[in-house]
Number of protein chains: 2
Amino acid sequence: MDKEQGGQGQHARVLDALGPAITAGDYPPGSVLRTDELEQRYAVSRTVVREVIRVLESMHLVASRRRVGVTVLPAEEWNVYDPRVIRWRLAGPDRPRQLRSLTVLRSAVEPVAAGLAARLATPEQCAELTSHALGMVATSRGRQLAEYLVHDVAFHRVILRASGNEMFARLGDVVAGVLTGRTQHGVMFADPDPAAVTLHVRVAEAVRERDAERAESLTREIVTGAMAELDVLAP
Amino acid sequence: MDKEQGGQGQHARVLDALGPAITAGDYPPGSVLRTDELEQRYAVSRTVVREVIRVLESMHLVASRRRVGVTVLPAEEWNVYDPRVIRWRLAGPDRPRQLRSLTVLRSAVEPVAAGLAARLATPEQCAELTSHALGMVATSRGRQLAEYLVHDVAFHRVILRASGNEMFARLGDVVAGVLTGRTQHGVMFADPDPAAVTLHVRVAEAVRERDAERAESLTREIVTGAMAELDVLAP
DNA sequence: GAGGCTTGAATACGTCGTACATGTTGCGTT
DNA sequence: AACGCAACATGTACGACGTATTCAAGCCTC
């Protein structure tokens, strides 16, 4: 019938409007959304609304029950590991808390991942690691934060992937979100902490030398520093 | 038109058939599912099939592209933290690997969670902890594995929740899955390791006394033991 | 004549609208 | 107060058209 504006896909459009609204808390837990209401508000067919609802339901953001409507679930029920939920929450009002939660998760996971990576990393991965560590060194001075961030994210992604654990590997996006969020949010002007840069280089060394103990404890220093840094910046 | 057999909801029925099939590897990555084919196979309308596809897509199990169909994604793309994906994989053929991955994740997360719990647990949570620890002691002998499992799961759930970190709290189901899987799969006959039982009691003590260091290192012993146990049982 | 580029038709998903079934909720009746 | 009925919102089904992507045939160029 019509093929108006739309980005690419009505489904994505409505989802990217409703999802962030819910995770932002615009609809308090227990709120009821009616299908036909959403139909009108976003000017789409029932099909689209229902599919969006089904996706939100699969993220445990809402629960759909007959005769009552689509009720918003409390935050404790949400699938907080869903990449989209993480993105939405990082873009919303409780971004500080989200950043904290994710950093704590990092502090638990990354040291163990680094220890495993020291035992399992392939030569190629070791090379990538040192390459990115050197890249961090090269971009650590003179306001090259964007370039530094790229290497930082890539470094941690390799560590997580090299751990050989699929659950760890899947946290690459989380770490990327945290690091990006920190760069954007925090000190856009100050250069990165030189001590942190050095630690990354030493982690790369430890992995290359298959020293699991050292890789783990060095990484623990990195994430401890990250948490301390967060304490300074965030309320 | 028809409302035959069905459990409760065609949507859930088809999803519980397709999801496990995909995670089990019945459709190798790159396989193409056509909508009308699924329609016929499960005797449902397009509406239902499309909603199921949308949910599977939100789990990154499949990707739907025009003119080509619904293609199955490689396992690296899957949202392995989705509770349903975890359940499906634990019920499927690569359950051993899944159990391993999740146990490694546990070994990284739980000690840190215990450390935080020691600082943040409410008196009620401390009480629950000791209660379940004592429950484990009481049911640790004489083939009461089912009852023991209940206390074990509850114990770790309280720890994760008391950590005050929502990401940790959400891993309660994961731990439950691992512990249940271990009980079902492994030694259904032998009583639990007495050393592990004692460690749980001591963790409860440490949390009650707000000794974060001790709670963390004791929990580390628990999960290290769990991993060692897994090495004995699994290939 | 061989190769690459453009154009067109076939195809399977995307969206729409309507109709009916089903389970719930809440109210009115007994 | 207990029961049952009617209204309501979601669940499911069916049919139609829009749309993008792919594949192949046909044209042009070298």
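Nothing here was measured: the structure is a model prediction, and the numbers come from that model.
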Inset, instruction - Using a cut-off of strictly less than 4.0 Å, decide whether A:S45 has a side-chain nitrogen or oxygen near OP1 or OP2 of C:dT15. - result: no
Inset, instruction - Would you please say whether a donor-acceptor pair under 3.5 Å links the side chains of B:R170 and A:N79? - result: yes
Inset, instruction - Specify the separation, in whole Å, of atom CG of B:D36 and atom P of C:dG14. - result: 13 Å
Legend entry - Residue whose nearest DNA chain C nucleotide is more 5′ - A:R65 or A:E51: A:E51
Inset, instruction - Examine the side chains of A:Q10 and A:R13 and answer whether a donor and an acceptor come within less than 3.5 Å of each other. - result: yes
Inset, instruction - Kindly say if A:T35 contacts the phosphate of D:dA9, meaning a side-chain N or O under 4.0 Å from OP1 or OP2. - result: no
Legend entry - Heavy-atom donor-acceptor pair, B:R67 side-chain to C:dA10 base, under 3.5 Å: yes
Inset, instruction - Tell me which of A:R66 and A:E39 sits closer to the 5' end of DNA chain C, going by the nucleotide each one is nearest to. - result: A:E39
Legend entry - Side chain B:W88, main chain B:L18, donor-acceptor under 3.5 Å: no
Legend entry - Touch class at under 4.0 angstrom, heavy-atom based, for A:T47 against every strand present: base
Legend entry - Gap between atoms CG and C1', on A:L15 and C:dG14 respectively (whole Å): 15 Å
Legend entry - Between C:dA12 (P) and B:E37 (CD): distance, integer Å: 11 Å
Inset, instruction - Calculate the interatomic distance between B:I53 atom CD1 and C:dT15 atom C1'; express it in whole Å. - result: 17 Å
Legend entry - A:E57 and A:R54 ion-paired at < 4.0 Å: yes
Inset, instruction - Send over the distance from A:R46 CZ to D:dT10 P, rounded to a whole Å. - result: 7 Å
Inset, instruction - Could you state the atom-to-atom distance from CZ of A:R50 to C1' of C:dA19 in whole Å? - result: 14 Å
Inset, instruction - Send over the distance from A:Y42 OH to C:dC16 P, rounded to a whole Å. - result: 15 Å
Inset, instruction - Assign B:R34 to base, sugar-phosphate, or nothing according to its heavy-atom contacts below 4.0 angstrom with the strands shown. - result: sugar-phosphate
Inset, instruction - Give a yes/no answer on whether the side chain of A:R54 brings an N or O atom under 4.0 Å of OP1 or OP2 in D:dG11. - result: yes
Inset, instruction - Evaluate the ring planes of A:H132 and A:H151, with Trp represented by its six-membered ring, and classify them as parallel (under 30°), tilted (30 to 60°) or perpendicular (over 60°). - result: tilted
Inset, instruction - Starting from P on D:dT10, measure out to CG on A:L33 and report it in whole angstrom. - result: 9 Å
